[in-house]
J.: 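Before we start, here is the structure in question, set down as structure tokens.
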Amino acid sequence: KAGVTQTPRYLIKTRGQQVTLSCSPISGHRSVSWYQQTPGQGLQFLFEYFSETQRNKGNFPGRFSGRQFSNSRSEMNVSTLELGDSALYLCASAPGLDDTGELFFGEGSRLTVL
Amino acid sequence: QKEVEQDPGPLSVPEGAIVSLNCTYSNSAFQYFMWYRQYSRKGPELLMYTYSSGNKEDGRFTAQVDKSSKYISLFIRDSQPSDSATYLCAMSARYSGYALNFGKGTSLLVTP
């Protein structure tokens with residue numbers, strides 16, 4: 001069974017640009033969550049989508065947005081990039097039928113903002 | 001103050017040692033407690049999952065939750081060099097879905 005796939009794995013952007021990251025969940029999983037991981041703050045919850053609807057949202061500015069498609073694939077977008085947005089962005093999937101918190105993570109997309 | 005506190009280490013132990021990793025938390029609403037392991041340049045993988053208080057054992061790993069003290073632990077017996085990784089505790093409240101609160105992780109090195 002294929003795991004969670006994230007693309008691109010690495011990318012470099014400059015301040016003010018925008019970026020879109022993609023995530024393909026494990027087959028059959030309907031929930032996709034996004035997390036930001038930085039050395040200073042650790043892993044922080046961005047948002048979660050289930051059946052194309054945002055079900056939960058973390059404490060991030062509106063520059064961070066996401067969406068989920070009918071095949072459960074998800075994208076997240078960050079507009080007007082800032083230096084502090086440099087981080088590893090992790091996508092995680094789950095069946096989504098309960099709220100036990102058992103997540104399956106991808107390897108992440110490492111974003112560097114110059 | 002973060003809701004979940006975890007000593008970042010690094011923690012270095014010889015092969016075969018018993019490792020103890022800990023987290024404290026402040027939110028009494030947390031009911032689901034997890035330990036994830038993250039190897040360098042990889043995403044976290046779930047190691048142990050516990051609901052509410054108590055112990056859970058899986059092979060060389062034992063997770064303990066003490067809700068009265070707001071303290072959780074992960075014990076690794078007979079540690080191996082392959083256990084060298086960052087260990088992240090995570091927890092969530094009922095009905096918060098997959099909005100997990102993570103500790104910053106403890107870096108563990110097991111030397112042969």
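Numbers restart at 1 for each chain; the letters A, B, ... are given by sequence-line order, proteins then strands.
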J.: In this structure, are over 12 heavy atoms from other groups packed under 6.0 Å from B:R60 atom CZ?
T.: yes
J.: Measuring heavy-atom distances to chain B, does A:Y49 have an atom under 4.5 Å in its side chain, in its backbone, in both, or in neither?
T.: neither
J.: Taking atom NZ as the centre, does A:K57 end up with more than 12 heavy-atom neighbours from other residues, nucleotides or ligands that are less than 6.0 angstrom away?
T.: yes
J.: Tell me, for A:L46 versus chain B, whether the close heavy atoms (under 4.5 Å) come from the side chain, the backbone, both or neither.
T.: neither
J.: More than 12 foreign heavy atoms under 6.0 Å from CG of A:N71: is that the case here?
T.: yes
J.: Run the side-chain contact (heavy atoms from CB on, under 4.5 Å) test on A:R55 and B:Y98 for me, step by step, so that the C-alpha distance in whole Å, both residues' side-chain angles and the decisive distance to 0.1 Å come before the verdict.
T.: CA-CA 9 Å; A:R55 195 160 64 170; B:Y98 299 103; 3.5 Å; yes
J.: Quick one: pull up CD in B:Q38 and CD in A:Q37 and give me the separation to the nearest 0.5 Å.
T.: 4.0 Å
J.: Can you tell me if B:K104 uses its side chain to pair, donor with acceptor, with the backbone of A:Q41 under 3.5 Å?
T.: no
J.: Honestly curious: do B:Y36 and B:M48 fall in one hydrophobic cluster under the side-chain, below-4.5 Å linking rule?
T.: no
J.: Any chance the rings of B:F102 and A:Y35 have centres within less than 6.0 Å?
T.: yes
J.: Taking a hydrophobic cluster as the set of Ile, Leu, Val, Met, Phe, Trp and Tyr residues connected by side-chain heavy atoms closer than 4.5 Å, whether directly or through intermediates, do B:F33 and B:L74 fall within one such cluster?
T.: yes
J.: Do B:L46 and A:F105 touch side chain to side chain, with heavy atoms closer than 4.5 Å?
T.: no
J.: Identify which part of A:L43 has an atom lying under 4.5 Å from any heavy atom of chain B, answering side chain, backbone, both or neither.
T.: both
J.: Is it possible for you to say whether B:L11 and B:L47 belong to one hydrophobic cluster, with membership spreading through side-chain heavy-atom contacts below 4.5 Å?
T.: yes
J.: When heavy-atom pairs shorter than 4.5 Å are enumerated against chain A, which of B:A99, B:G105, B:G103, B:A90 gives the highest number?
T.: B:A99
J.: How close do B:R41 and A:R110 get, heavy atom to heavy atom, and via which atoms?
T.: NH1-NE, 4.4 Å
J.: When you group the ILVMFWY residues by side-chain heavy-atom contacts below 4.5 Å and let the links chain together, are A:F50 and A:F47 in the same group?
T.: no
